[in-house]
Participant: 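Have a look at the structure that comes next, please.
Side chains included, hydrogens not; waters and symmetry mates left out as well; all remaining heavy atoms used. Source: prediction; values computed, not measured.
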Amino acid sequence: MHRTRAVSNLLYKILLHLSILESLTMALRCLQLLRPPHLSLHKIYSPLGLPRVSTTWPRLSGSSPSSRLLCSSSDQFQSSQVTNEGVNQNPQKSIVGDLLDYLNESWTQFHATAEAKKQLLAAGFELLNENDDWDLQPGGRYFFTRNMSCLIAFSIGQKYKVGNGFHIIAAHTDSPCLKLKPRSASSKSGYLTVNVQTYGGGLWHTWFDRDLSLAGRVILRDGKGSFQHRLVRVKRPLLRVPTLAIHLDRTVNSDGFKPNLETHLVPLLATKNEEIQTKSEDRTNSNKSPHHHSLLLNALSEEMGCKCEEIMAMELNVCDTQPSCLGGVKNEFIFSGRLDNLASCYCALRSLIDSSDGLSDETAVRMVALFDNEEVGSNSMQGAGATTMFQAIRRIVDNLVHQSMGEAAFERAIRSSFLVSADMAHGVHPNFSDKHEEHHRPGLQKGLVIKHNANQRYATSAVTAFLFKQVAEIHGLPVQEFVVRNDMGCGSTIGPILASGVGIRTVDCGIPQLSMHSVREICGKEDIDNAYQIFSSFFDNFSEIDKKLSVDF
């Protein structure tokens, strides 16, 4: 009996020591992750407003400290991401890490345009102003912005002659979101709330119970009586739209979640403190009914380093604060908001930048056009419904017309041009595969999608699809095709708008994704690099491909 008890005690001690040893090993692994450059630390704020330290997952090689997040700290995933192995079968470089940086900087259409502007300037593109005279030269690289939410960039081939075509990739910078109303200050049941309006066709139920904040642009008054246009982005969570507890809505799972978008989709800002709030509002607002809560204005002024009374106007989006990152057990997915359509914007932008060193034999003009307001119909001065892109084409042609004389140079250039309308596509959903037409079910990680619609909701024709496939075939890059079911409605893009504007040949295509118009979307990592490579091939090779097919002769 005594020997049995002694053996039991010995086994217990051994197991206890093993458990302690395992715990120490786990702790050492965590400490190992804390060593730079594999882990970045930054300050965020707790719900109580107290500063605390938070950690992010190891970042990809060459990334900025605050972005390119992985969803796992596994050494296996880290090593594969650092070397970009498995991104695609084509040995060319991957842009996935750079896309994550772009997404994490581009909370709004204004920030997306500003980030594109910064990258173009760094690549040697010259900033133009629409109000000034232009002095363009073959081999030159140029761009301009409109409303800081629309951007046109182009590079002119060294062998360009007036009447030659423009090879264009067009996308849009806006995404469905909530926007502050002109008078956002409101209160309910002891809470300070913020009035918002819905922008675009969002999946609004996905915005509940998310850590939200504000970003956009403001107009500031300086001490000299002038005004400044500034962008602002408050990274810490400021707002939240809470759902109703299941105990108070027993039938929500059976009847569905059907919030009233006016009364239920109202973010909380703070609890209401009558005395403090009234005194603060008296200091920052001259009228008795302030347009915006003083607490909100204080948060914005602190972020920008200005005084509340210097804020004259603002246009702010409500944004999800969760960073874009890689996900899935193989880190093969991108989890992010605003993939529709910033993923297309970035692939187009990078392909133009990276192909602009090869202009010596180019006979065309390469162009990227990024528009605002696609999600609400494109009918604005900064949308695809405006003449921005075609005015730019006409100015380029007029600026270079001294090289040769000819009749109808602009019209001839349009007839020779080709437009790629790049907007995200509907990947087949594993749980709702019957929503796709049986023979047109694009999969993630299987290539760029060419969109067809007989009723011209997409601008693709047999000719434009064929030419675009030839672009992909040069490097053996996969493409897929999509047609919506006959018993379902079909969305549309900027493609038909631009194609019908002046009669430019157009193909509609997109990167397949899931959860389109959700606050948090998903696409395949390989599809990003595939789109980038096809767009690069388009700029590099379309001039030669286009010579091989004649239709109207």
Side-chain angles (χ1 to χ4, degrees), residues 98 101-103 105-136 140-156 166 168-175 177 179 199 215-220 226-233 304 313-317 338 341-353 356 365-376 378-396 399 419 421-423 494 497-498 501:
D98 296 327
D101 285 346
Y102 181 73
L103 291 168
E105 291 296 323
S106 304
W107 282 21
T108 71
Q109 68 274 38
F110 308 116
H111 290 83
T113 303
E115 184 65 19
K117 174 182 177 180
K118 180 166 62 176
Q119 295 194 24
L120 287 165
L121 289 172
F125 280 68
E126 180 182 340
L127 176 62
L128 303 174
N129 189 316
E130 286 191 278
N131 297 330
D132 297 337
D133 290 333
W134 292 357
D135 181 17
L136 311 179
R141 296 174 291 178
Y142 311 92
F143 76 100
F144 66 88
T145 65
R146 178 181 288 189
N147 191 51
M148 193 45 72
S149 62
C150 168
L151 180 146
I152 307 291
F154 56 95
S155 54
I156 304 172
F166 286 66
I168 310 165
I169 303 175
H172 64 89
T173 59
D174 62 318
S175 302
C177 66
K179 289 179 176 285
Y199 175 84
R217 65 172 172 191
V218 297
I219 305 298
L220 296 180
S226 299
F227 303 97
Q228 297 180 355
H229 178 272
R230 290 271 301 276
L231 300 187
V232 63
R233 179 165 59 113
M304 293 185 293
M314 57 189 183
E315 183 176 351
L316 299 181
N317 296 359
R338 307 175 302 282
N341 190 34
L342 293 186
S344 302
C345 289
Y346 188 72
C347 290
L349 181 72
R350 271 296 293 272
S351 63
L352 178 68
I353 290 175
S356 291
V365 176
R366 301 171 180 179
M367 177 178 283
V368 162
L370 308 180
F371 297 102
D372 192 5
N373 299 134
E374 188 275 346
E375 297 293 355
V376 292
S378 298
N379 292 321
S380 67
M381 64 167 282
Q382 58 274 359
T387 57
T388 314
M389 186 180 80
F390 299 117
Q391 286 177 349
I393 294 175
R394 184 179 291 278
R395 292 189 67 173
I396 296 169
N399 206 273
L419 172 71
S421 169
D423 203 349
I494 61 177
I497 296 173
L498 295 171

Participant: Kindly indicate whether the side chain of Y142, heavy atoms from C-beta on, has any atom under 4.5 Å from the side chain of I396.
Facilitator: no
Participant: What is the minimum heavy-atom distance between M304 and V218, and which atoms define it?
Facilitator: SD-CG2, 3.2 Å
Participant: Kindly check if the number of other-residue, nucleotide or ligand heavy atoms within 6.0 Å of NZ (K179) is above 12?
Facilitator: yes
Participant: So, taking the atom named OG1 in T113 and the one named CG in D174, what distance separates them when rounded to the nearest 0.5 Å?
Facilitator: 9.5 Å
Participant: How far does OG of S344 sit from CG of L349, to the nearest 0.5 angstrom?
Facilitator: 12.0 Å
Participant: Provide the closest heavy-atom pair for A123 versus R141 in the form atom of the first, atom of the second, distance.
Facilitator: O-NH1, 3.3 Å
Participant: State, to 0.1 Å, how close A116 and Y102 come at their nearest heavy-atom pair, and which atoms those are.
Facilitator: N-CE1, 4.2 Å
Participant: Please check if the number of heavy atoms outside D133 that lie under 6.0 Å from its CG is greater than 12.
Facilitator: no
Participant: Classify the ring geometry between F110 and H229 as parallel (under 30°), tilted (30 to 60°) or perpendicular (over 60°).
Facilitator: perpendicular
Participant: Which heavy-atom pair separates L370 from V368 by the least distance, and what is that distance?
Facilitator: CD2-CG1, 3.6 Å
Participant: So, do I169 and S351 sit near enough that their side-chain heavy atoms are less than 4.5 Å apart?
Facilitator: yes
Participant: Side chains of I152 and L128, heavy atoms from C-beta outward: is any pair under 4.5 Å?
Facilitator: no
Participant: Nearest 0.5 Å please: distance from the CD1 atom of I494 over to the OG atom of S378.
Facilitator: 6.5 Å
Participant: If you round to the nearest 0.5 Å, how far is CG of L121 from CD of E126?
Facilitator: 10.0 Å
Participant: Any side-chain donor paired with an acceptor under 3.5 Å for Y199 and N317?
Facilitator: no
Participant: Within a strict 4.5 Å, meaning less than it, do heavy atoms of the L352 and S155 side chains meet?
Facilitator: yes
Participant: Check H111 against V232 and note the closest heavy-atom contact, atom names and distance.
Facilitator: CE1-O, 3.1 Å
Participant: With a 4.5 Å heavy-atom cut-off, do S106 and Y346 have their side chains touching?
Facilitator: no
Participant: Applying side-chain contact (heavy atoms from CB on, under 4.5 Å) to R338 and W107, what does each step give before you reach the verdict?
Facilitator: CA-CA 8 Å; R338 307 175 302 282; W107 282 21; 3.8 Å; yes
Participant: How long is the gap from CD1 on I156 to CG on L136, to the nearest 0.5 Å?
Facilitator: 5.0 Å
Participant: Does T387 form a side-chain contact (heavy atoms from CB on, under 4.5 Å) with R394? I'd like the steps, not just the answer.
Facilitator: CA-CA 10 Å; T387 57; R394 184 179 291 278; over 6 Å; no
Participant: Would you mind reporting whether I393 and F154 have side-chain heavy atoms less than 4.5 Å apart?
Facilitator: no
Participant: Which pair of non-hydrogen atoms, one from N341 and one from A171, has the smallest distance, and what is that distance?
Facilitator: ND2-CB, 3.4 Å
Participant: Looking only at the side chains, is there a donor atom on one of R146 and T388 sitting less than 3.5 Å from an acceptor on the other?
Facilitator: yes
Participant: Rounded to the nearest 0.5 Å, how far does OG of S149 lie from NE2 of H172?
Facilitator: 13.0 Å
Participant: Below 4.5 Å, heavy atoms only, C-beta onward: do L120 and L127 meet side chain to side chain?
Facilitator: no
Participant: Give a yes or no on whether the backbone of W134 and the side-chain of N399 come within a donor-acceptor separation of less than 3.5 Å.
Facilitator: yes
Participant: Under a 3.5 Å distance rule, please check whether S380 uses its side chain to pair with a backbone N or O of G383 as donor and acceptor.
Facilitator: yes
Participant: Is there a side-chain contact between Q109 and Q382, using heavy atoms and a 4.5 Å cut-off?
Facilitator: no
Participant: Counting only N and O atoms by type, is there a donor-acceptor contact under 3.5 Å from the side chain of T145 to the main-chain atoms of C150?
Facilitator: no
